[in-house]
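Proteins come first, then strands; the chains are lettered A, B, ... in the order of their sequence lines, and each starts at number 1.
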Amino acid sequence: MVNPIYIIAVFLGIAFSIGLLRKNTETFAGILSLLTLGFASIVSAQWFYSFVTADIETFQIFTTAFKPPFSINLMMGKDEALFTLMINAIGLFGGLYMFDKLKKAGKNSFIALLMLIMGLNVVVMTRDLFNLFVFLEISSIAVAGLVILTQTTKSISAGFKYMIATGIIAGILLIGIAFIYSYTGTLNIDFILVQNLEATKGISIAVFFIMIAIVLELKPFPANGWGLDVYCSAQSGVGALLSSAYATASIYVLMKLLPLAPENLQFFIATIGIITFVFSNLMALKQDNPKRMLGYSSVAQIGLLTAVIGLSSVIGSYTYFIVISILISHFLAKAGLFWISGIIKQDSIKNWSILRTNKILLVLFGIFIFSLAGLPPFPSFFGKWELVMQLAETKNFIWIFAILIGSFFEIVFMFRWLGYAIKLDMPNNEKIKVKLHQLIPLLFFAATTFIAGYYISSEHKYASLINYLPLAVALGFAFIEFLPAFIKNTLAIAAMAAYYYFNYESYTDIQGVFAAIFIIGGILTLIAGYAYKGKRQGFYPFALMMFAGLIGLVEATTTLEFFFAWELMTIGSYFLILRGKKSIKHALSYMLFSMGGAYLILAGFGMAAIGKSDISLNILSNVELYAPWIFGLLAIGFMTKTASIGLHIWLPGAHAEAEADVSPMVSAILLKAGVFGLIMLFLAMGEQFIGNISFAYILSWVAVITALMGNLMAAFQEDAKKLLAYSSIGALGYVLFGLSLMSHLGWLTAVSFSVTHFMFKALLFLAIGGVVWRVKTKDMYKMGGLIKKMPFSFISVLIGIIVLAGVPPLTGFAGKWLFFQAVVEKQWFLQGAILFFSGIITFLYCFRLIHTIFLGQPKDEHRNIKEAPFWILVPQYLILLVIMLFSMLPNSLLKPIGEMLLPYFPNGAITWDGQMATTALGYWNGKIVMFIVIGIFAVVLAWLLFMNRKAKKVKQFNIGYAAERPFLPETTHFAYNFFAPYQKAVGFLVAPGITNFWQRVDEGVHSVSDKFTKIYNGNGQSYLIHIVAFILVIYLISFGGF
Amino acid sequence: MDPLFKQILFALLTLFIVLNYGLLVQGITRKIGARVGRRYGIPFYQPYIDIIKNYSKRTRISHGIMYYIAPVFRLTGGIGLLMFMPVIFGNNMFQNFSFSGDLLLILYFQFFGVLGMALGAGESGHPHSAIGVSRGLSQVTAYELPLTLAVISLAVQYQTLNITEIVAAQQGGILNWSFFTNPLASIAMLLAFLAAMGRSPFDVVLAPQEIPIGPPTEFHSGLLGVLQLNRAIFPIAKLILFMNLLFGGASSWGELIIKTFFIYMLSVVVGVVYPRFRVDQSVRWYLGVPLVIGVAAVLVSKFL
């Protein structure tokens, strides 16, 4: 293998040679530089590969005939190989990306690039402090040279500020090095470390100077204004180099030198890091300029890594894994994002909608955003997971909180940006011009992100157990996007059916119920997808990803698998919801609430793993410490998904604005994921208490209020899909209440209602979706009298609302009957009464839905409307068949679920005698009721038909109007504000208090962010003062001055 | 004879008795009202004449299928409600089909008819029908709450939802009636009963002077005839329910007729005295005093 010294030698040689070239040889110089960088990358890669596969010895590079400490030595170990590989790679691809710009600036710019990369290589490999200083200076100068490539006032002043700042930092470093040399007599790191540093008086100052300089290189808050100005004004390629190469090298320097520092200084370094992480992400919220925002994000991520490194004595052996996984994500994603911003050259993130003119770039943008956000299957997901696990193990809960808050801020601005790119109107008719040499680095880095993610997960003990098959299938659909929609639809349905067929036998009871809801429900809603023409790009990968997540939830055996599946489900559903026409802010709101809940779940899982030897889901069954906390965190996390009151504001917008077949997917199926989580939680942890109050009791009140508010708000909606969305909130309140009863009847109600709700909600959303498809509006008062034109949809909705309202003889009544028995048995009468009231309110909106759309008078523009598309009707009628079956034979649904629940709740089960159900309190026989009702109905109908057989059919407008004639259909259709008196009576209950609350939180955070960004006033002198003050304050705190 | 067949025959007999009783009660009530107002009043068999008249009319129109079958829904609701209830206590012949379901089934089955009527009213295309339905539904949701609370209270008191058992527990003297053993629940239920009967102050749904009789506006001839039949059966069925729950049931037809008549008179007297509530007023009223009484009833039976 090649001696690494040749990397440096070749860099130097080529750099000097370029200087000797004649004029107009820029291209030749460029190619030469790229070749050099390629050579360096190959050398590093070779070394890294050998370390990984053959596990060779660390290689010491001696630069003279003398051995250290009398000469400078470099080292090439596994870490050095990896880091130099990263640096050389970004140099190569960055240089390729910037080729045109560098050429235009002259061949000296290539020299600057080569010197930067060379300097960083040595910085990583060196074991000598002074050598480190020298090459840090070389790198800084090279950076300054690259910054000034673009000759604008901003960039030149930024470059100047950069020089000043790094000058001060280097000076501090040098002082420190000088003192260390004076105290220890050597400049070689290894030799310094073997000496007992604590014993020497005064050496702590020297160590402090060195460490603080290294930390300042990493641009901590608030002494980082100079760095942010550089990110903002330098060329994008330079920004990429800075954030990926320079930051990577600096991180490695910190890792190298950390053993020098005493424990408490390490702790301070970690604190500085985490503060940087939280505040930089906070300040990024208010940014509009993409490069500046990326600068803040870079600084923040490096801050996180600093914190992890500083906590390495706490985190222990996992530090390396965490650092590498987060670093690789950052490295690849930041470079990618800077490169994309260089291609599209827009100064405001709102104008990034121009990305939609180039689909490849849009996809790459999405990949990088998700990688940075710490979502699966990217490396940072596993890094963050392990970080939380380790911090929880050592009970550092404040740190977990800080990390999750900072991550949450990241999610906010990144997904806002993504939403702008995907949904905002395009500014004008520009198209992006992207050149091949700019595209290749992007594609390479994106692919590497996936490969790195897979590799990182295989290194992790539990991540390697994850079943990637469903996700792989989902991603596979991304490669067949060019096919027409109906082929993809068939493939999707086939894939899901096959998966279910091969796996359904292995599911235990509760798993089986939910797997059926998820997969069979998914197939039903996918059938409606046949109604769409064209290619339907961007739908299938994400729909399948969502279902992959759902099935992963059911099959999870470890907490990591569960969390992985949860996040996957969130990603898929986010993109599905985002497809709606007016969904931009609703999708963002959905993402924020989902991620907030996910972080709570992560924290809960972390705490549950304390003291345990593995992370299988059974650890939840024997939690010793902090059980109420864990329960609370997990419960609230799951309740964000079921949209319980207080956490519900995302649901109406998200479900209502989604497409016709997405709404049933998210409303009927996805909400059940939260229910599944809660069931698992209750089964594992049982009843937990805060003080004397049981969580189940608190949950019962939350559920009841959710049910009441959801149903009440539904009654007052003018938008049909919003009405159904609020109805879902109410229904989930019902389910949660059933669970909180913690009795056989209660759980039977909850689980059977989950199944029934899935059926009728899917039915209603599909039917209404079909209607909206034709009339092109969602407002109910703009519709009317559609029964003649859309009879099939009418029948669907009719049956749907009868089931929803719980009127016998259909299957909805089973739920009401069970619920009543359960409540009286448990003796929670007050909650039961409120819940019963909300059940009655259901009638209100059920009737409103069907009357305002199908009955009354039709509008003129709808007189010739067609029935809903055939393929949207198909799943509706399949569901109708099942509803009829369950109505006729209720024990086909209830008996299996009852038997399934017996092991957990042996007492209080229903006694079945054929179709007659008996409890201690009452009885009911579904089949006989159905027969009697049908019998009476048939007789009366026959009689009426006989008597009225000569009735004349008239149009809807032919009505007797008390001696007048009605004027227009529009003014004769009573639909708007249908329940005005009711609203007058109880409308005060539905004032938007919670929406206002969250709005104020949102505004508050943004104004705090705004205040903090005022620190960076652009003045170089201020930044200097920041740096010096920073050093002073940290010194005083760490040495006990305050 | 096949027991099922026998049961059906007796059920039809019950239906016949109740139908006639309902029509007669309507006539007699109007007669009493007239006499109290110093008028002569209609003959007591007037409802029969009305029905025969409606059925004999020749013109009939239909606005559509839902409109056409709405009266069927309504009548099915009425008859069904009657069929699911045990009518005469202690007499196997008049238990109807009460083995199909308990009190909850009855409570929820009333909505079957309401829903059907509402749908038919909607398809008639008349705005007054729709307004009537909106008002009707609002009111129903309001009065169901104290009714449910009262039912819960009774269920807890008697530890059963089986109507026959509830009636059995009230035997052995007037003081065993729920009316005396659980006065709070009774009062709450009777207040709800007022709205269920659809007389003042809760008659805004059919408000004769406002919206020409609300939901049934567009119904005529045979269709209206079917509705009139229901108007005879449905209230009697509800009266029988209240009688069973609160007043000890009936062991013979005579007792049933007397008890239900007096319960019905309660709503008539209130109706004659009080003016009409607006919908928001009635909703707010029901969420006030009756709700409190209902909650109190539940709490009392829980802790006693």
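With a 4.5 Å cut-off on side-chain heavy atoms, B:Leu105 and A:Phe813 count as touching. No side-chain heavy atom of B:Phe97 sits less than 4.5 Å from a side-chain heavy atom of A:Val929. Residues B:Thr148 and A:Phe837 are not in side-chain contact: their nearest non-hydrogen atoms beyond the backbone lie 4.5 Å or more apart.
Aromatic ring centres of A:Trp924 and B:Phe109 lie farther apart than the 6.0 Å criterion allows. Annotation: A:Phe819 is not in aromatic contact with B:Tyr108 [ring centroid separation under 6.0 Å not met].
Both the backbone and the side chain of A:Leu941 come within contact range of chain B, with heavy atoms under 4.5 Å apart. If you measure heavy-atom distances from B:Leu104 to chain A, the contacts under 4.5 Å come from both the backbone and the side chain. Contacts of B:Phe73 with chain A are made by both backbone and side-chain atoms, with heavy-atom separations under 4.5 Å. Both the backbone and the side chain of A:Leu945 have a heavy atom closer than 4.5 Å to some heavy atom of chain B. Using a 4.5 Å cut-off between heavy atoms, A:Val933 contacts chain B through both its backbone and its side chain. Only the backbone of A:Ala805 comes within contact range of chain B, with at least one heavy atom under 4.5 Å from a heavy atom of that chain. Only the side chain of B:Leu229 comes within less than 4.5 Å of a heavy atom of chain A; its backbone N, CA, C and O stay farther away. Looking at A:Phe854, there are no atoms closer than 4.5 Å to chain B (heavy atoms on both sides), in backbone or side chain. Neither the backbone nor the side chain of A:Ala917 comes within contact range of chain B, judged by heavy atoms closer than 4.5 Å. Only the side chain of A:Ile932 comes within contact range of chain B, with at least one heavy atom under 4.5 Å from a heavy atom of that chain.
Between chain B and the options A:His973, A:Gln983, A:Gln857, the largest number of non-hydrogen pairs under 4.5 Å is found for A:Gln857. Between chain A and the residues B:Met83, B:Gln139, B:His220, B:Glu144, the largest count of heavy-atom pairs under 4.5 Å involves B:Glu144. Among the candidates B:Leu299, B:Ile79, B:Val140, B:Leu287, the residue making the largest number of heavy-atom pairs closer than 4.5 Å to chain A is B:Ile79. Heavy-atom pairs under 4.5 Å with chain B were tallied for A:Pro791, A:Pro808, A:Gly922, A:Gly785; the largest tally goes to A:Pro808. Heavy-atom pairs under 4.5 Å with chain A were tallied for B:Val283, B:Val298, B:Leu223, B:Asn162; the largest tally goes to B:Asn162. Heavy-atom pairs under 4.5 Å with chain A were tallied for B:Gly77, B:Gly225, B:Ala118; the largest tally goes to B:Ala118. Most heavy-atom pairs under 4.5 Å with chain B: of the set A:Phe979, A:Phe931, A:Phe847, this distinction falls to A:Phe847. With chain B as partner, the option from A:Phe829, A:Tyr923, A:Phe974 having the largest number of non-hydrogen pairs under 4.5 angstrom is A:Tyr923. No other option in B:Val226, B:Leu291, B:Val156 has as many heavy-atom pairs under 4.5 Å with chain A as B:Val156.
In the displayed structure, B:Tyr55 atom OH is contacted under 6.0 Å by more than 12 heavy atoms of other residues, nucleotides or ligands. Open room surrounds NZ on A:Lys927; 12 or fewer heavy atoms of other groups in view lie less than 6.0 Å from it.
The CG atom of B:Leu75 sits 8.5 Å away from the CD1 atom of A:Ile936 when rounded to the nearest 0.5 Å. Of the inter-residue distances, the one linking A:Lys984 atom NZ with B:Arg284 atom CZ reads 7.0 Å to the nearest 0.5 angstrom. Between the CG atom in B:Leu149 and the CZ atom in A:Phe836 there is a gap of 9.5 Å [rounded to 0.5 Å]. Taking CG of A:Asn925 as the reference point, atom CZ of B:Phe99 lies at 8.0 Å (rounded to 0.5 Å). If you take CD1 on A:Ile840 and CG on B:Leu107, they are separated by 8.5 Å, rounding to the nearest 0.5 Å. From B:Leu145, atom CG reaches atom CD1 of A:Ile841 across 9.0 Å, with rounding to the nearest 0.5 Å.
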For this session: Could you go through the side chain to side chain contact (heavy atoms under 4.5 Å, CB included) check for A:Trp817 and B:Asp102 one step at a time?
Result: CA-CA 9 Å; A:Trp817 185 80; B:Asp102 54 17; 3.2 Å; yes
For this session: Take A:Tyr982 and B:Ser134 through the side chain to side chain donor-acceptor pair (under 3.5 Å) test and state the conclusion after the steps.
Result: CA-CA 9 Å; A:Tyr982 207 74; B:Ser134 144; over 6 Å; no
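For the pair B:Lys302 (side chain) and A:Gln827 (backbone), a donor-acceptor distance under 3.5 Å is present.
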